[in-house]
Amino acid sequence: MAARCGGWARLCTLLALAALAGLGVEAKNSQDVRCKCICPPYKDRPGHIYNKNVSQKDCDCLHVVEPMPVAGPDVEAYCLRCECKYEERSSITIQVTIIIYLSILGLLLLYMVYLTLVEPILKRRLFGHSQLIQSDEDIGDHQPFANAHDVLARSRSRANVLNKVEYAQQRWKLQVQEQRKSVFDRHVVLS
């Protein structure tokens, strides 16, 4: 799994570098720059937001606000109330960020599918179906310790974090079973 994650990380890195290299070659896209004018209400006219792709020097009310909502002498008063800002963004950077985000999300989804579908099948093959499902009648006085020893031997042979967690879980289950057995035996003896 780690080898696959490393491959995905390399792929994402290469995509990001290719996109950034293309950023320097490509001229500014007309959708990446704009002038945004926010005009508040004026007399009987409601407020409005205007966007237009213009150069930075033409970013003012007279070049952006079309059609002009007021006529004649009110144009200057209307434009003085408007606040115009020149905005620039990089769509390539946004696209690369989204690709990386979706790649990570896809990896997590694949890992979830692995944990829910593939891992139980592998556990049945490695530990045996009969060892995972044990009833209280099958457990003898010394059998839980023998099973714990087997699980410990298997976890030592494979240096894997998941196997260590599995061993701890099995050991805990066996301890709980022993405690239940001793409590029920004492209760039967005392009554």
Side-chain angles (χ1 to χ4, degrees), residues 1-26 29 31-32 34 36 38 49 51 85 87-191:
M1 186 74 184
R4 277 192 231 151
C5 290
W8 279 101
R10 282 188 224 115
L11 178 65
C12 291
T13 305
L14 289 175
L15 285 173
L17 289 175
L20 291 175
L23 183 64
V25 175
E26 181 181 308
N29 189 358
Q31 296 170 350
D32 288 344
R34 71 175 180 179
K36 180 179 180 181
I38 302 171
I49 298 174
N51 291 318
K85 291 182 183 176
E87 298 176 345
E88 222 176 304
R89 66 178 184 185
S90 174
S91 60
I92 300 293
T93 304
I94 293 169
Q95 290 172 355
V96 168
T97 304
I98 289 172
I99 288 171
I100 291 172
Y101 176 75
L102 291 176
S103 298
I104 292 171
L105 195 62
L107 285 173
L108 290 174
L109 183 65
L110 286 174
Y111 185 62
M112 183 185 76
V113 167
Y114 168 78
L115 287 177
T116 56
L117 299 177
V118 177
E119 188 179 29
I121 294 169
L122 292 176
K123 280 184 183 179
R124 280 190 208 122
R125 287 184 184 169
L126 293 176
F127 292 115
H129 186 68
S130 62
Q131 190 176 3
L132 288 177
I133 303 173
Q134 293 178 349
S135 63
D136 291 335
E137 294 83 29
D138 294 341
I139 299 174
D141 289 338
H142 303 290
Q143 187 179 1
F145 297 110
N147 288 339
H149 179 69
D150 290 343
V151 172
L152 176 62
R154 287 185 185 126
S155 68
R156 284 182 184 158
S157 67
R158 293 180 300 269
N160 191 346
V161 174
L162 291 176
N163 289 333
K164 291 179 183 178
V165 171
E166 179 71 26
Y167 165 69
Q169 184 180 13
Q170 288 288 336
R171 189 177 65 186
W172 177 77
K173 285 180 182 178
L174 294 172
Q175 287 174 350
V176 169
Q177 288 173 352
E178 279 296 312
Q179 289 174 0
R180 284 183 184 162
K181 186 177 174 184
S182 66
V183 167
F184 289 128
D185 286 346
R186 287 182 194 153
H187 180 67
V188 172
V189 173
L190 292 176
S191 15

How many angstroms lie between [atom1] in [X] and [atom2] in [Y], if you round to the nearest 0.5 Å?
| X | Y | atom1 | atom2 | result |
| --- | --- | --- | --- | --- |
| Leu115 | Leu110 | CG | CG | 11.0 Å |
| Asp32 | Ile94 | CG | CD1 | 7.5 Å |
| Glu87 | Arg89 | CD | CZ | 9.0 Å |
| Ile92 | Thr97 | CD1 | OG1 | 11.0 Å |
| Gln179 | Gln177 | CD | CD | 11.0 Å |
| Ile100 | Leu105 | CD1 | CG | 13.5 Å |

- prompt: Side chains of Gln170 and Glu166: donor-acceptor distance under 3.5 Å anywhere?
  reply: yes
Given the options Thr116, Leu117, Val118, Tyr114 meets side-chain contact (heavy atoms from CB on, under 4.5 Å) only with Val118
Result for side-chain contact (heavy atoms from CB on, under 4.5 Å) between Gln175 and one of Arg171, Glu178, Lys173 points to Arg171
For Glu119, the salt bridge (charged side-chain N to carboxylate O under 4.0 Å, His left out) test, sequence neighbours excluded, returns none
